[in-house]
Every structure is written in C-alpha cells, then in structure tokens.
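Just below is one structure, and these are the notes that go with it.
Scope of the values below: all heavy atoms of this structure, side chains included, with no hydrogens, waters or symmetry mates.
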Amino acid sequence: MTLSIEELAKHCDASIENGNSSVSIESAADIKNAQPGQVTVLSDKKYQKYLADCQATACFISKALLDKGAPENLILLICEDPEISFLKAVTLLHPAPEISRQISDKADISDNAELGSSLHIGPFASIGQHSQIGDHSEIHANVHVGNHVKIGKHCKIYPNAVIYDNTVIGDHVTIHSGAVIAADGFGYKFRNNQHIKVPHVGNVVIDDYVEIGANTCIDRGALGATRIGAGSKIDNLVQLGHNNNVGRNVIICGQSGISGSVTIEDGAILAGSSGIADHVTIGQQAVVMARSGVSQDVKPGTQVWGFPAKDRKTAWKELAALSKLPELIKAFKILQKQVEGLAEKK
Amino acid sequence: MTLSIEELAKHCDASIENGNSSVSIESAADIKNAQPGQVTVLSDKKYQKYLADCQATACFISKALLDKGAPENLILLICEDPEISFLKAVTLLHPAPEISRQISDKADISDNAELGSSLHIGPFASIGQHSQIGDHSEIHANVHVGNHVKIGKHCKIYPNAVIYDNTVIGDHVTIHSGAVIAADGFGYKFRNNQHIKVPHVGNVVIDDYVEIGANTCIDRGALGATRIGAGSKIDNLVQLGHNNNVGRNVIICGQSGISGSVTIEDGAILAGSSGIADHVTIGQQAVVMARSGVSQDVKPGTQVWGFPAKDRKTAWKELAALSKLPELIKAFKILQKQVEGLAEKK
Amino acid sequence: MTLSIEELAKHCDASIENGNSSVSIESAADIKNAQPGQVTVLSDKKYQKYLADCQATACFISKALLDKGAPENLILLICEDPEISFLKAVTLLHPAPEISRQISDKADISDNAELGSSLHIGPFASIGQHSQIGDHSEIHANVHVGNHVKIGKHCKIYPNAVIYDNTVIGDHVTIHSGAVIAADGFGYKFRNNQHIKVPHVGNVVIDDYVEIGANTCIDRGALGATRIGAGSKIDNLVQLGHNNNVGRNVIICGQSGISGSVTIEDGAILAGSSGIADHVTIGQQAVVMARSGVSQDVKPGTQVWGFPAKDRKTAWKELAALSKLPELIKAFKILQKQVEGLAEKK
C-alpha cells in the first residue's frame, strides 16, 4: 500500500515539520534499516545516534527528541506518541491480507454446530457437537474445536490449534497455531503403587481480546474453570496449569510456567521463562523478572527476581555480594592468621 | 448425573454421618466454592477453616478431621480416604461423555493397517502402512500415526498428536494434543565446518497406563529405544531426548527437559521445569525439585534442589547463607579495621 | 539391510584388522548393547572398558584405541574417524524407508501454488495461494503452508507443522512435527489501560540445511525478517522471537528461549534451556552453557554459565565459594569473639 506523507500524517496523528507532503511512502522499517521510500520512527533516546545517517524518507518523532540533527532531506512527522503513530502507519502500509470468507467443503462440521455469519473455516478443520462460532471468526486449517465449545465474534484460531470440549472463548480472541486449550490438568493420587488420575471436569474460560501464542498449553480446571481475563496476552510455549485465575491485561512471556490454582492479578507481568508455584498470588501490576521462580505471594506493584524469587533489589545485592565472595574467603584467611598472630603475642 | 446421598456413599466407600440419605447431589466442587446440591471434600487440615461456612450439601471427610464444627445441615460422608472417595464421586457425577465409536470416512487409513474393534477414528486422522490399533482405542481428529506403529487397547490419542514410524505403545495409554512421539533426537557430528546428522534409527516404546501431556516431545533413540515405563505420567511441554530410559510410575512435571541417555528409576519425581543432563541416573523415588538442573547422579530416595542440583538441605543452607552475605561483607570490613587497630596498638 | 564386513569396510572408510571379510552384519548398536550380527563403534576412551566383553561381530575403532584387549573373535574395522565411519554404517544398515512420492488427493492445494517435481504431499496438508514447493520436497500429513510461502528443494516438513504466510525456506531444510514458523512475535504497547498489538509484517527466512525440532516456535519479524543461517540446527520446544538473526552452523538445544532482536553469530552453541535477553549478541563459536540466562553480549569463543551468565570459570569460582559460605559465617562469628576478647584484654 502506498500513501502520501499527507495521508500518513493525517491518519497517524502527526504534523509535517518539513518536506513535501505529496511524497509517497511505500513501507515501514526501523531506523537502522530504513531506505528511501520508507517511513521510520524515533521514539527512544538510545536510537537518536542513528538519526543523522537515517536513509528513510520520513520519520515519526516527538518534539522532545527533535533537537539533535536530523538529515536535511528527512521529512519529520511530529507527534505526541511516535510509537503509536508509527504502529498505525505500519498497519496502513502493510494491511493484513483479506482472507477468503468461506467455509471449506473439506472441513468437518457437526450438524448441530451453530455458525455465525461471515465465517472463515479452513480445510480439515473440525467442529464438534453443539459448538458455536460467532460472526466474523476465523477457524483455520486443521483446527479442532471440541464439543460444547463457545467461540465469540472476530476470533482468529490459527492452523492446528486444538480446543477441547466445553471451552468458552469471548470476542476478538486470537489463538496461534499449535496452542492446546483445555487438555486435562496434571493431577494424580498415588495409592497402592499406582497413580490414580484426578478427573478434570472443569473447563477453560477465555475473555475478550486475549491473545494466546503458538504451542502454548492452557489446562482445564479439575473442578471449575481455568480463567484468562480480558486483554491478557500470553506468548508462545507457556504452560498454564489447572484452575489458574489470570486477571485482566496480564502479560505472560514465552516459556513461562504457571503450576496450578495460581492467581495473577490485573496488569501483572511475567517475563520470559518465569515460573510460579501452586496456590501463589501475583499482585496487581507486579513484575516477575525473567527466569525467576516464584514460590510465595508477590505484593502488588513490586518486582521480584531470582529463584526463589525475592525483592529485586535484595536479590541483586546478594548477587553483587556473591561476586565478591571468592575474594572475601581469601581475605578472611589472612585476617584469621593476623588474629592468631595477635593472640600469640599476648 | 444426579445421585442420592445413599448412592454416593455406597459407590464411594463412605458412611453417612447425619442427614437424609435420599437428598440429591448434582455435581462436585471444592470446599470454598461448593453450593447447595453439590458434594465437596475435606482431606487436608489446612482447609478445615472453610468447613464452618461450607455451603455444600454433603462433604467427604475422614474421622480424623471430624472434631471441628461442621455446619449442622452439612451431610458428612465419613470415609477412610476422602481424596479417593471424592475422586470417585467426581467421576460418577461428571461422567466423561460417550464418544461416537466410529471410523470417520474422512480419515485416511492405509490398506494394510490392522484395526481392532470398537475404535474411534476422527476426521482427518491418518494411519500409515502396517500400523496396528488395538480394540477400544480412540484416534482423534488430525492425529497422524506413521508406518509400522503399534498402539494397544483402550488408548486415547487426542487431536493433532503425531506418532512417527515404528513407535510401540501399550494399553490404556493417553497422549494429549500436539504431543510429538519419536521425532529424531538432536545429534550431530561437526566435521569440515558442517554438522553431520546422526541417523536416528531407533524408536520409542511406551508401556501401559502412561499419560503424556500436550505438546510434549519424546525423541526416538539413535540406536535402540527411548522407553517410558508402565504407569509413568508426563506433563505438558516436556522434552524427553533420545535413548532415555524412564522407569515405572515416574512423574515428570511440565516443561522439564531430559537430555539423552538418562535413566530415571521407578517412582522418581521431576518437578516443574527441572532439567537433567546427559547420561545421568535419577534413583528410585528420588525427587528433583522445581527448576533444578541435575548434572550428576541422584541417589535413590533423596531430594535435590538448585543448579547444579545438590542435596536439598545443603542447598537451602547455602541459600540462607547467601541472604546474609551482604551483611557479612560489611561486618568483615569492620572487623578488619578493628584488627588493624589492635595490631597498631602493639 | 545386510552387508558383508568387506562391503562395510569399503563404504565406511575402514580397513579390516582381523577376521573373515565375508561375515554378514545386519544392524548397528552401541558397544554396551551390541549382539552377534551387529557392528558397533569405539570412539571414546571412556567406553574402552566395554571392549573386552563386547558381543558385537565387528567394531569400528581408531588405531589410537587399539592397544587394549579386544575379544579375539571381534572383527576390528580400523579407521581414521570411527564416529563418522559408524554413522555411515548405520545409514547403510538402516536405510530410511522410501516414502511414496505422490500428491495425496486428500490434500488441499491452491490453484496457483507452484509445485516442483517428485514431491510428496500427504493427506490433509494444505498449501496456500501463490506458494512454491521445490523438487523432491516432502510436505507430510496435516501440514499447513500459508500463502506466498517459498519452500526449496529436498525439504522435509513433518506432520502437523505450520508455516505462516510469506515464509522463505531454502533447500534441504527439515522441520519436525508441531513446529510453528512465523507466527506473530510478542509485542504490545500499553496505552489507556490496554495492550495495543504491534503489527508483525515481517517474515521468517530459513537458509539451506537447517533442521528445526518438534514444537519449536520461530516468530516472524515485526518489520523485516527473523533469519536462520545455513546449516544451523535447532532442537525441540525452542522459542525464537521476532527479528532474531541466527548465523550459520549455530546449535540451539532444547527448550532454549531467545527473546528478540538477538544476534547469534556463526558456530555459536546454546545448550539446553538457555535463555537470551533482547538485543544481545552471542559471538562466533561462543558457548552458552545449559540453563544459563544471558543478559549481556558474549564475546566470540568464550563460554558463559549461570544467571545472569558470566565467564564460566568466574561463575564456577563463585559457586565453589558459595558452598563454603555456611562454614565461613560460623568461622567469622568465632573470629569476631576472638577479636573481642583481644580488645578487652587491652
């Protein structure tokens, strides 16, 4: 998609600082790689050093970052929030391709499924008994939707995702390929030298505007639901165990593992490869830093690090101290001898 | 499914302490969330505090936990093993739905596959050359079963699981969606600036009553088999490398990674996100605690923690000591000065 | 496949030390498990102890390892590089089964896809608009290939892998089951109490001779490509985030996680469950040891360990020191008292 500078400025909340507003922009790129014909963005001081050599035709920029020398021929698009303006530009310049809105005759749809309008159902998708798919939703190739599943409107379920029976999914939910929603949780009772499976008769309930990454697993509740609140975003290869209760706008980064019966309150962030033990509560807006393992409740608004995770600053102090420990041990031995010497002199 | 208190007591090894044995129970719930019409369980002292306000109609409970005040109208179901009695009740009240026992005409089954009786084969499942599926097994939608695979009786292979060639699976095995059984192990020899692939001509052998979680990967042996012993249970997103030998009744929790040629003896437990290095042996009943990385053999019956994992108590002592280290460094400097002072006075 | 000793020696760059060159070999096994009729290998001193009791009919061995007593009836195949000779023998004795080279009439192939010759396309595979598949490539059952995808020659895409739109794949690339190539990266901007998705309009570019493990996820670039260089090998359940740039002949072991905009230079090795933070560079031939978390650039040729990862030797010194810390704390208290005593005596 090609747009003029004028159109870009208009649709992306920017004003043109200098340059010809009829110049064409064809695509978007980051400030290091942008070429003539492209628009880029400068939203962070640490990239300001790239501005002088920027090859782009135009650049979204905030007034605060303007002072340092941009190339003369770079058209500046002044805006309040360059990240968001640029994001809008990317979306306009690189529109998502229209997909054919049709129901493949190679899909397997049960007679009593309730299908909305304007659906896309890909080849080899299967939709079970008594399941509902809301208007404008996309069920891509090889997706399996179980029985008694409810999927809302404007959802996108990418190829080879699996949604087990009784799952409830809101509107505008995106589920990437290979994600498995509502398989049994992992629970056994050991009796007479065998593991007896705990039946998992609960389900998974996913609220509006949730996005779930590729090959992520969200287990069904044993009794009751595993819940993901509205607007929460879950990355790839995450394990979310049975009966977890994830709040609204929570961020869970790749390869994190959340055991079971965990509460993650609104706006909390779990960085990559973090882990949470059973029955723990992560407070509102709390941050679990990357690769941390949490075994106790985390207070709202705090940041924890390490394993077992503790207050970030405390953990870092310990880490800094540890790096001094080999020297300390040497110094201690010297001091011991010195004290020995003093004692002998007595 | 609705059952009377009398039926529940009879089928779940309980006796009715008080209350009307003809009252109906419709479903099961945990003690915090149970409502009238539901049965719950009290099996652990730490939940005893919820008993007084319990809204359930009935509660499985052991005599040992009886003394503290249950609500007058709560029907008590006295039993030896409340967890197991409740588990039976859940299974009775929430029976797994009958699936249609039929072979979809949308599946792709090779001419020479040997199919048992009472099978379910879902749409878009494919079954390769010379493979066998035992009686009463379920091969769900989009499952791929390779060539020369043997699957026993009463197995459940959930949608989109993949079973590569030559895999051997016993009876009553459950494999969840997205699990990949018997892909090539990860092995290369570096020669002349390229990685030469080690051929993987072994297979995977899974014994009876094994359960394998969603998106878990079990690699085939390079030579010989990767083995999973009877009754072992493996959670989601686990990586089990080539030529591992997993014993009976082993528990491997989510996101654990077992490199290759590892022996895990009977009854060992690997908690979540644990990792085991090549060629290590984990002894019988040993426990590898969560997020631990094991690089040496673990003795039977012991518990290890941390990375590199060591005896749990030793590791915790070190951890406790580490938390005192920043103060120790300060105190050491003071002591140094003090000793300096004493030395000068001499 | 059965071969005579003479044939084996000839095809596997070995000379026969003793024994009858017409004896038949039927299969290959490791030195501990090999039986009569099998060939094995001794390539590492630490397995030399198994030589005396070796039951194999023949053994690839280097001259350097010859001195210690092999059984009299063991035919020795002397060679320069026993690992590679044995690898060739395994490939000859256990040839990969021929797959039917045909395009299943149960696949769904768009009208405008460009298909090479000698293809295998399995049942329920789907190939999108304007996509190309090169000669001799295999697209197995239930694989989904999106629109505008280019796949080179001699590629193997195993069942249930998913390749999103616009991916570019070279020749001789292997992708195992459940891998998801080019799903959206994980990026949001938080504004007005909601996470706004960063559009991902880039793609994934995979060069020749790359192998990608089961259930691994490689995200598309936000702008521009996520790249995997020629000859690189990626294990199972790896997360490779948006805009990473992986060089040639890189090794990434199972369950590793690479955030985003990371550069991994040629020949680097990431051991199992390692993690790399955003924007980090891992230098040529550098080694990130197992379960390490890297938050800063790693210099070429160095080895790092721990979290946050540091020079291996430094990290191990700290670890060794930590194990002495509980004793140090006790000794410190004693020393403190001693000094107190000395001070009082003054």
_Heavy-atom pair count under 4.5 Å with chain B, highest-scoring of A:Ala331, A:Ala277, A:Ser259_ = A:Ala331
*A:Phe332, CZ atom: more than 12 neighbouring heavy atoms under 6.0 Å*: yes
_Side-chain heavy-atom pair A:Ser126, B:Asn142 within 4.5 angstrom cut-off_ = yes
*Best-contacting candidate, B:His140, B:Arg248, B:Glu340, B:His94, against chain A by heavy atom pairs under 4.5 angstrom*: B:His94
*Let me know if B:Phe86 has heavy atoms under 4.5 Å from chain A in its side chain, its backbone, both or neither.*
side chain
*Which answer fits A:Lys106, side chain, backbone, both or neither, if we ask what part of it has an atom under 4.5 Å from a heavy atom of chain B?*
backbone
*Minimum side-chain heavy-atom gap B:Gln336-A:Gln338 below 4.5 Å*: no
*Is a side-chain donor or acceptor of B:Gln255 paired with a backbone partner of A:Gln255 at a separation under 3.5 angstrom?*
yes
*How would you list, in number order, the residues of residues 175-185 of chain A that have a heavy atom less than 4.5 Å from chain B?*
A:Gly178, A:Val180, A:Ala183, A:Asp184
*Please flag which part of B:Ile99 lies under 4.5 Å from any non-hydrogen atom of chain A: side chain, backbone, both or neither.*
neither
_With a 4.5 Å cut-off on side-chain heavy atoms, are B:Ile251 and A:Phe190 touching?_
no
*Top contributor to chain B interface from A:Ala222, A:Gly241, A:Gly224, A:Pro308 [non-hydrogen pairs under 4.5 Å]*: A:Pro308
*For the pair B:Asn160 (side chain) and A:Asn160 (backbone), establish whether a donor and an acceptor sit closer than 3.5 Å, ignoring hydrogens and angles.*
yes
_Please evaluate residues B:Tyr158 and A:Tyr164 with respect to the criterion ring pair (Phe, Tyr, Trp, His ring centres under 6.0 Å), reporting the C-alpha separation (whole Å), side-chain torsions for both, the decisive distance (0.1 Å), and the verdict._
CA-CA 9 Å; B:Tyr158 282 99; A:Tyr164 280 54; 5.2 Å; yes
*asked:* At a 4.5 Å cut-off on heavy atoms, which part of A:Asn193 comes close to chain B: side chain, backbone, both, or neither?
replied: both
*Report the option among B:Leu335, B:Thr91, B:Asp81 that has the most heavy-atom pairs separated by less than 4.5 Å from atoms of chain A.*
B:Asp81
*Any B:Glu211 side-chain heavy atom under 4.5 Å of A:Tyr188 side chain*: yes
*What part of A:Val162 is in contact with chain B, defined as an atom under 4.5 angstrom from a non-hydrogen atom: side chain, backbone, both or neither?*
side chain
*Measure distances from A:Ala214 to the heavy atoms of chain B and classify the residue's part below 4.5 Å as side chain, backbone, both or neither.*
neither
_Can you tell me which of B:Val90, B:Asp30, B:Thr174 forms the most heavy-atom pairs within a distance under 4.5 Å of chain A?_
B:Val90
_Smallest separation among heavy atoms of A:Asp108 and B:Pro123, with atom names_ = OD2-CG, 3.6 Å
*Counting distance only, does the side-chain N/O of B:Asn215 pair as donor-acceptor with the main-chain N or O of A:Asn215 below 3.5 Å?*
yes
_To the nearest 0.5 Å, what is the distance between CZ on B:Arg291 and OG on A:Ser292?_
7.5 Å
*With a 4.5 angstrom heavy-atom cut-off, which part of B:Pro326 approaches chain A: side chain, backbone, both or neither?*
both
*Taking heavy atoms only and a threshold strictly under 4.5 Å, list by residue number the residues of residues 316-325 of chain A that touch chain B; give 'none' if the list is empty.*
A:Lys317, A:Glu318, A:Ala321, A:Leu322, A:Lys324, A:Leu325
*Go through the atoms of A:Ser256 and report whether side chain, backbone, both or neither lie under 4.5 Å from a heavy atom of chain B.*
backbone
*Is it the side chain or the backbone of B:Ala29 that comes within 4.5 Å of chain A heavy atoms, both, or neither?*
backbone
_Determine whether a donor-acceptor pair (N or O, by modelled atom type, separation under 3.5 Å) exists between the side chain of A:His195 and the backbone of B:Asn249._
yes
_For A:His144 against B:Ala141, the heavy-atom pair lying closest together_ = ND1-CB, 3.7 Å
_Step-by-step side-chain contact (heavy atoms from CB on, under 4.5 Å) determination, B:Lys233 to A:Lys197_ = CA-CA 10 Å; B:Lys233 312 295 182 183; A:Lys197 185 179 171 72; 5.9 Å; no
*Below 4.5 Å, heavy atoms only, C-beta onward: do B:Asp235 and A:Gln239 meet side chain to side chain?*
yes
*Parallel, tilted or perpendicular for B:Phe124 and A:Phe124, by the 30°/60° rule?*
perpendicular
*Top contributor to chain B interface from A:Gln194, A:Lys310, A:Lys189 [non-hydrogen pairs under 4.5 Å]*: A:Lys189
